[in-house]
Amino acid sequence: MLTTALHTLRTRWPALTGSFIALSLGVALLTVTGLALASSLDAPKRAPERFAAAPVVVRGQDTLRVQTPSGERTKELARPHPVPDALTARLRDLGPVVEDRSFQVRAHGDRGPGDLIGHPWSTAAFAPYRIDAGRAPRAADEVVVTGGWAAPGDRVRTDRGTLRVVGTVPRLGFEDAVFFTDARAARLSPVSVQLAVDAEVSAVREAVRDAVRDSVPGSAGVRVLAGDDRRYADADPDRDREALTALNALFGTAGGVSAFVSVFVVASTFAFAVAQRRREFGLLRTAGATPGQLRRMVLAEALAVGVLASATGCLLGSYAAPHLAAQVVEEGLAPAWFTIGEHTWPYHTAFWTGLAVALCGATAAAWRAGRTSPLEALREASADTGTMTRGRWVCGAGLLLTALVTLVVALAGDPGDLLHRKTYVSRPMLLIAAAALLAPVVVRPSARLLTWLPARLPGPTGLLARENTSAGVRRTAAVAAPVLVTVALAGSLLGAVATLDEAKAAEIRERTAAAFVVTAPSGTGFDAATVDRLRAVPGTEVSPTSSGAVYALEDGVALIRSDARAVAGPEALTATTRLPLAAGKVSDLDDRSIIVNEEWAEHTVGRSIRIWLGDGTRKTLRIAAVMHTGTGDNGVYVTAANAAGAPVDRVDVALADGADADAVAAGLRGAVTPVGGRVASGDEWAAAASPGARGTTRAGLFLVLGIALLYTGISVVNTMLTATSDRVRDLAVLRLTGATDRQVLRLLAAESLTVTAVGALLGLLVAGLNLAGMAAALHLLTAPVTPVVPWTAVTTTAVICAALTTAASLTSATLLLRRRTVARE
């Protein structure tokens, strides 16, 4: 039978071309994914950037360390400690000391980069930066900038006032810097958490040890950074690790979806090919072939296609990986140093996975081929029968039941699990697989429903389209399945992200009761004088708050960080914010209590819990109230006494009875203009604070959908070409009854659109079920929201699928009609 399989493969190559291309692309993507993952594991350590030329950097305590029965647990502090003055004095005896300060600067309008960082000019030499035009800053309003976005003599309006550019330095690639005089930088950022020392490393370490031994307050957690460790003094030293984690998730998701969809394409192609070859298999059975021989023949075909496609995919992947790596670096999804290294295991993994996918996809088709009886050689009917085998019923119903049970278990146990990215990416796969397997059950009623009106219009096209689509269940299901997969993925993934974003936005809008929200420039805060000026605006009740964090040890082993908002008092908070309370009262909040949410392991009102503040200070606070979990962004609330010295960065303002909103807004702007604050209405602030999908998330989703759409195109085109070429007898009957070429093509176009509509309808149903599950989870988490269906993406996907289906069908039919094959039949 191997010889027969090879001859069949040679004559049946058009039917297997789609499987070959899809499998090749799948293996290529798996190769790229494996190479990217392997290369990310060999990531080089980031070298120091801002302090590459600094001899030694001394950094205040920036890490919370908690001992547990399972070992030490650490978290980065929300508010690192400054280097103690007493220790700084000892370091000055060793050599010159330069205090470092960093703060954000926002240029008004479209002038300059959007992420400018301010520093004192004395730190520029440590990068090192060198003046290439102009001079160093001398006055408070003078600055030196990196890059070519401004030139000496330019005036730039920023949230730090109007600045005069007096010099420029070359951009080093890791930041867009604005250098002020040391005095102006000290006023803009009074706290310095690290400093550079021009002295021997050993002497600096000895000075720090002496300070610890002498019990100098704040010296216990001080770190001395030298050599490569100086990179920990840079902003976000772990950003490479975070970027690579996101990159791994992106390619991992893409690889998983690639394998998932390619199984569908290969399985659908082989299943349809077997269905089209019933008479051929019947003749072989009549000639004495056993069921086992037929199964081995189909599997041999799959093996040949799998070997060739996997080898081709590995070759394509080796060429595509460097280009894709360059693209993700250009898009900012990976660090600039990211390149593809030399690795062999990704090729082995991709090749054998592709081969396994081919054999798994052909297994069901091989089993069906083995069940062909000799009487199939005499079969002439075009209507499909027995499309739902026992195995298909069992697998489809099992997957559907599994999907529903896991959804119910998640809703009953941990609804928040349904909101995680890994969950809403992987969970739809079960429903999609179940729907694809059970598609033949609903194909006929769906097709009749969609063609109910066209079948009743004048002319035979609508009626024939309905009957042909309903009769050719296998053909309809084979084409509808990939359309179902793509539409379901588009609706489920994009809809899940949009629904979650809408829920978070609704939470922010619901919590915001303030008429106005005044925010400080990014990374800074308002001083006491500015807060007093805001309080003095007539007709207002203000609630100054600070952002920070608290840490709690859950189950004695897990150190958990929670975002915290420190308030001046419960009365002002109640006037400007509506907290989603599940228990307790806001009015019970004081300096010895805390408001937590239901995510905390301990969330019983009145209980005392041990926490650590943003600066690492250990506290025991009583739970005054408990908020609902929501989407997970409710955080905790404490008073200003437990804010660890965090500056006020936001002031919510409520209007007194009879106060004029315009006059209040003008007064607020006048109060914060000297310090660069921003005044927005409550609605404007809520809209600006509402989250959106991050760039990596959008890139990952569109990559996944692009893969699914590519596979859909391959499967649809291949199936339609095969199906149409095998309908020579049908076309001949139409031509003999008097139908013109135009009428035949119109009928085939109507059938193609009907089949695509069936797949899109089933895909929408699957997406709707997935989004309904997420909406139910949000409802249980007290964040009710109407599921958001991405109609634009779903419609675009369906239109592309319809265009591909119609084009493939008409192309094949046109070639047949031109050769007048139908006339000879």
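Nothing fancy with the numbering, it's 1 onward along the sequence.
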Leu613 and Tyr551, any side-chain heavy atoms less than 4.5 Å apart = no
pair Leu438-Leu400: side-chain heavy atoms closer than 4.5 Å = yes
Measure the shortest side-chain to side-chain distance between Val626 and Asn597 over non-hydrogen atoms and say whether it is less than 4.5 angstrom.
-> no
Side-chain contact, heavy-atom cut-off 4.5 Å: Trp600 with Ile560?
-> no
Candidates Val596, Asn642, Ile611 - the one meeting side chain to side chain contact (heavy atoms under 4.5 Å, CB included) with Val550 = Ile611
Say you draw a straight line from CG of Leu404 to CG of Leu431; how long is it, rounded to the nearest 0.5 Å?
-> 6.5 Å
Should Lys75 and Trp612 be marked as a side chain to side chain contact (heavy atoms under 4.5 Å, CB included) after you check the CA-CA gap, both sets of side-chain angles, and the distance that decides it?
-> CA-CA 11 Å; Lys75 284 288 183 180; Trp612 288 264; over 6 Å; no
Please tell me if the side chains of Pro580 and Arg511 come closer than 4.5 Å, counting only heavy atoms from C-beta onward.
-> yes
Please tell me if the side chains of Val651 and Val517 come closer than 4.5 Å, counting only heavy atoms from C-beta onward.
-> no
Side-chain contact test, heavy atoms from C-beta onward, threshold under 4.5 Å: evaluate it for Tyr637 versus Val567 and give yes or no.
-> yes
Could you tell me whether Arg607 atom CZ has more than 12 heavy atoms of other residues or ligands within 6.0 Å of it?
-> no
Test log, rule side chain to side chain contact (heavy atoms under 4.5 Å, CB included), inputs Leu559 and Leu64 | CA-CA 10 Å; Leu559 188 60; Leu64 173 64; 4.1 Å; yes
Any ion pair linking Asp652 and Arg565 (charged N to carboxylate O, less than 4.0 Å)?
-> no
Taking C-beta and beyond as the side chain, do Arg610 and Leu553 meet within less than 4.5 Å on heavy atoms?
-> yes
Indicate yes or no for a side-chain donor-acceptor contact from Arg73 to the backbone of Val557 under 3.5 Å, with no hydrogens or angles considered.
-> yes
Spacing of CG belonging to Leu573 relative to OG belonging to Ser543, to within rounding of 0.5 Å | 5.5 Å
Could you give me the CA-CA distance, side-chain angles and deciding distance for Arg509 and Glu502, then say whether salt bridge (Lys or Arg N to Asp or Glu O under 4.0 Å) is met?
-> CA-CA 10 Å; Arg509 291 193 300 268; Glu502 177 58 30; 3.0 Å; yes
Sub-3.5 Å donor-acceptor pair from the side chain of Thr512 to the main-chain atoms of Ala514, do we have one?
-> no
Can you name the closest pair of heavy atoms from Cys801 and Val483 and give their distance?
-> CB-CG2, 4.0 Å
In sequence, state the C-alpha distance, the side-chain angles, and the governing distance for Ile609 and Thr620, and then conclude on side chain to side chain contact (heavy atoms under 4.5 Å, CB included).
-> CA-CA 6 Å; Ile609 55 175; Thr620 298; over 6 Å; no
Side-chain atoms of residues 758-785: list all donor-acceptor pairs with protein atoms under 3.5 Å, sequence neighbours left out, distances to 0.1 Å.
residue: Asn770; atom: ND2; partner: Ser492; partner atom: OG; Å: 3.2
residue: Asn770; atom: ND2; partner: Val766; partner atom: O; Å: 3.1

Considering all heavy atoms, the nearest Pro445-Val441 contact | CD-O, 3.6 Å
Of Val485, Thr486, Val487, the one forming a side chain to side chain contact (heavy atoms under 4.5 Å, CB included) with Leu489 is Val485
Are Glu602 and Thr604 close enough that a side-chain donor and a side-chain acceptor fall under 3.5 Å?
-> yes
So how far is it from Ser593 OG to Ile623 CD1, rounded to the nearest 0.5 Å?
-> 10.0 Å
Taking atom CG of Asp588 and atom CG of Asp590, what is their separation to the nearest 0.5 Å?
-> 8.0 Å
Which atom names give the shortest non-hydrogen contact between Pro790 and Ala490, and what distance separates them?
-> CG-O, 3.7 Å
For residues 406-416, dump all side-chain donor-acceptor pairs below 3.5 Å to protein atoms at least two apart in sequence or in another chain.
residue: Thr406; atom: OG1; partner: Thr402; partner atom: O; Å: 2.9
residue: Thr406; atom: OG1; partner: Ala403; partner atom: O; Å: 2.9
residue: Thr406; atom: OG1; partner: Arg427; partner atom: NH1; Å: 3.3
residue: Asp414; atom: OD1; partner: Gly416; partner atom: N; Å: 3.3

In terms of heavy-atom contacts, Ala503 and Thr631 come closest through CB-CG2, 3.8 Å
CD1 on Ile595 to CG on Asn634, rounded to 0.5 Å | 11.0 Å
What closest approach, in Å, do Met627 and Gly635 show between heavy atoms, and which atom pair accounts for it?
-> CE-O, 3.2 Å
Main-chain N/O of Val788 paired to Thr499 side chain as donor or acceptor, under 3.5 Å | yes
Point-to-point distance, once rounded to the nearest 0.5 Å, from CG of Leu621 to OG1 of Thr639 = 8.0 Å
Which heavy atom of Ala78 sits nearest a heavy atom of Ala549, and at what distance?
-> CB-CB, 3.7 Å
